[in-house]
2 protein chains.
Amino acid sequence: MPSNPPEMAQFLRKLEARSSFRPDERKAILQLPFEPRQVQANRDFVTRGERVSHSCFVLKGMAGTFGQNREGHRQITSVFMSGDMIDLQTVVLPEAMSNLQALTTTTILQIPHSDLRRVGHRFPNIAEAFWRECVLDAAIVNEWVVNVGRRDARTRMAHLLCEVACRSGHATPENAFVFPFPVTQAQFADMLGLTPVHVNRTLKGLREGNVVNVAASSVEIVDWDRLADIGEFDAAYLQLGSLRNGKAPRAARCAPPAVQMAS
Amino acid sequence: MPSNPPEMAQFLRKLEARSSFRPDERKAILQLPFEPRQVQANRDFVTRGERVSHSCFVLKGMAGTFGQNREGHRQITSVFMSGDMIDLQTVVLPEAMSNLQALTTTTILQIPHSDLRRVGHRFPNIAEAFWRECVLDAAIVNEWVVNVGRRDARTRMAHLLCEVACRSGHATPENAFVFPFPVTQAQFADMLGLTPVHVNRTLKGLREGNVVNVAASSVEIVDWDRLADIGEFDAAYLQLGSLRNGKAPRAARCAPPAVQMAS
DNA sequence: CGATTGTTTGACGGGTCTCAAACTAAGTGG
DNA sequence: CCACTTAGTTTGAGACCCGTCAAACAATCG
């Protein structure tokens, strides 16, 4: 089991967006061991009910959790992209509560629960950061319930695109930008609780309105302000760095938070 | 701030359904201070974005979190009943991520974050139990996404009724039973992402099928097996031990759907 | 007993699904 | 380099589930 810093640095950076650590805590995180693993697109790598002994960090690619109804129709309940920890919650609840699937060819790093527990016990502040990370993921799922429950297809789609743009860290103050989003329309439909056919039509509508261009593997935002307006998007629930500490503006005109990926 | 054991015993019992404690840990939980508070039906008692300094435990009644779209249509994203801790997550993320509302007249106990943190730091095992509780709540929200995203009104409603029956601890091995569910059809609609009118019609369908009778303040399950079948309900995600009220919740009637890979 | 809130029912319209087929892009083997 | 295959996208026509609007009915309460 190789223990190379550079990969865990990405994990640390993610955590530090919402938590702060002392030097020794940082070091402990950077020294976490991991096992890289490649998963092909559309392949499940964790099954519901399975007992897992490690958590998965997305190094590259995209993955998601999903449930399905009796007819086998899927509903993706959360997506994770490069830099996200997928199932930190299995540290305290090792039974997987839903299936995990790679949406595209994905490289994940498996970090043993035993090691996560160890640093958590040694540094309560780190355990708290882990807990916080789970809470933040839950906030996103909460928003998804509102999205599929109370917004029509167009609004719903715009909202999700805004979320992904912000989370991927590619949203910029400029009005137009491009970011990778390598999912098929069928997968997109499963995130939105729609059929692929209707996703296609709705995408067409947004494209013809010169709002956004969703291609096979990337999204071109043509008019961010309109997209955020259509999607009724308020990034507060993402708790991204820039608007932390109090005064989250209520009707925050959905400006994309300038996420500074110190790269 | 009174510090009387009997109320916290309910909290402890809830935690012990999924975590186990040493005697001194139990004692620390039982001695948590709290401030009782009564909230009228349909009253918000926490607003999104607000910074809170305590977590809310439901002693009696029913409460929920909700979001809303631009037109003001609500989507309830989770419900909490007697014995549930509503927002334990604010311990690590004090900014409320969604509004909290009492669905009926509700008595809550406010437990200061400072005290929750204190016992969490002193007993890492308790902190872990808190974390686990948040994870379990998140699992329920996950299931709600599937529910509103991929199930039709009838199925969706049956599923939610099953969930509430199990969580409230009133589900029994018998086929028929009654449990309190004091919500209006409009509130029920907001949980399901439907309109009140359609909720009414769907309830009628279930009633005429001799499956379940939903009255103003309670639900009479006529045929649990059919209800669970209609709702495609599998209680696994609730992670209820067999410890709840001394009675095992009804075993899942539907086998988890077969997972099929995209072929 | 009137006022208010919640439930029930009907008629109608629309957003989304289903089914089906054509089209495009990408990969595979000859 | 070309048939062939396969996965994904696009478009159309029709059906249906659910939403909207409206009004009557029932229950609760001061």
Side-chain angles (χ1 to χ4, degrees), chain A residues 40-43 62 69-75 101-105 147-158 160 181-208 212-220 230, chain B residues 40-43 62 68-75 102-105 147-158 160 181-208 212-220 230 260-263:
Chain A
Q40 300 300 341
N42 297 316
R43 257 317 197 317
M62 202 162 206
N69 66 9
R70 187 171 291 162
E71 284 147 25
H73 291 141
R74 301 191 163 192
Q75 173 65 50
Q101 183 182 74
L103 298 180
T104 173
T105 302
N147 213 30
V148 291
R150 286 291 184 219
R151 297 203 252 254
D152 66 13
R154 182 180 170 87
T155 309
R156 204 184 295 185
M157 177 176 286
L160 181 55
F181 188 53
V183 299
T184 65
Q185 291 181 1
Q187 291 169 327
F188 202 21
D190 287 343
M191 297 178 197
L192 295 166
L194 297 170
T195 55
V197 171
H198 200 65
V199 162
N200 185 284
R201 291 190 223 275
T202 310
L203 281 173
K204 186 183 177 187
L206 289 174
R207 192 186 320 124
E208 290 176 346
V212 61
N213 244 307
V214 178
S217 59
S218 70
V219 174
E220 178 198 353
I230 291 169
Chain B
Q40 300 303 338
N42 297 315
R43 261 309 202 319
M62 203 162 205
Q68 44 193 14
N69 66 7
R70 187 171 292 162
E71 285 147 24
H73 292 141
R74 299 190 163 193
Q75 173 66 50
L103 299 180
T104 174
T105 302
N147 213 29
V148 291
R150 286 291 184 220
R151 297 203 252 255
D152 66 13
R154 181 181 170 85
T155 309
R156 205 185 292 183
M157 177 176 286
L160 181 55
F181 188 52
V183 299
T184 66
Q185 291 181 2
Q187 291 169 329
F188 202 22
D190 286 343
M191 297 178 195
L192 295 165
L194 296 170
T195 55
V197 172
H198 201 66
V199 161
N200 186 283
R201 291 190 222 277
T202 310
L203 281 174
K204 186 182 178 188
L206 290 174
R207 192 186 321 124
E208 290 176 346
V212 61
N213 244 307
V214 178
S217 60
S218 70
V219 174
E220 178 198 352
I230 291 169
Q260 47 215 19
M261 312 274 239
S263 46

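Throughout, protein chains are lettered first and strands after them, A, B, ... in sequence-line order, and every chain is numbered starting at 1. All values below were derived from every heavy atom in this structure, side-chain atoms included, with hydrogens, water molecules and symmetry-related copies excluded.
- Nearest to the side chain of B/L194, among C/dT8, D/dC18, C/dC19, sits D/dC18.
- Rounded to whole Å, the distance from CD on A/E71 to C1' on D/dC17 is 14 Å.
- In this structure, B/H198 atom NE2 and C/dC12 atom C1' are separated by 15 Å, rounded to whole Å.
- With a 4.5 Å cut-off on side-chain heavy atoms, B/D190 and A/R150 count as touching.
- Taking only side-chain nitrogens and oxygens, A/K204 never comes nearer than 4.0 Å to OP1 or OP2 of D/dT10.
- If you take CG of B/L203 and P of C/dT9, they are 11 Å apart, rounded to a whole angstrom.
- Residue-level contact check: A/A216 touches neither bases nor backbone, having no heavy atom under 4.0 Å from any strand.
- Between the side chain of B/N147 and the backbone N or O of B/R156, at least one donor-acceptor pair lies under 3.5 Å.
- The base of C/dG10 lies close enough to the side chain of B/R201 for a donor and an acceptor atom to sit less than 3.5 Å apart.
- DNA chain C is contacted by both A/V199 and B/T184; B/T184 maps to the nucleotide lying nearer its 5′ end (nearest heavy atom per residue).
- Between A/Q185 and D/dA7 there is no side-chain N or O to OP1 or OP2 distance below 4.0 Å.
- Residue A/R150 contributes atom CZ, which lies 17 Å from atom P of C/dG15 at whole-angstrom precision.
- Among D/dT20, D/dG8, C/dC19, the nucleotide with an atom closest to any side-chain atom of A/V197 is C/dC19.
- For the pair A/T155/B/N69, no side-chain contact is recorded, criterion being any heavy-atom separation below 4.5 Å from C-beta on.
- Nearest to the side-chain atoms of B/H73 among the listed nucleotides C/dC17, D/dT20, D/dG8 stands D/dT20.
- Residue B/D152 has its side chain nearest to D/dC18 when only D/dC18, D/dT10, C/dT9 are considered.
- One atom, CG of B/L192, and another, C1' of D/dC18, lie 13 Å apart when rounded to the nearest Å.
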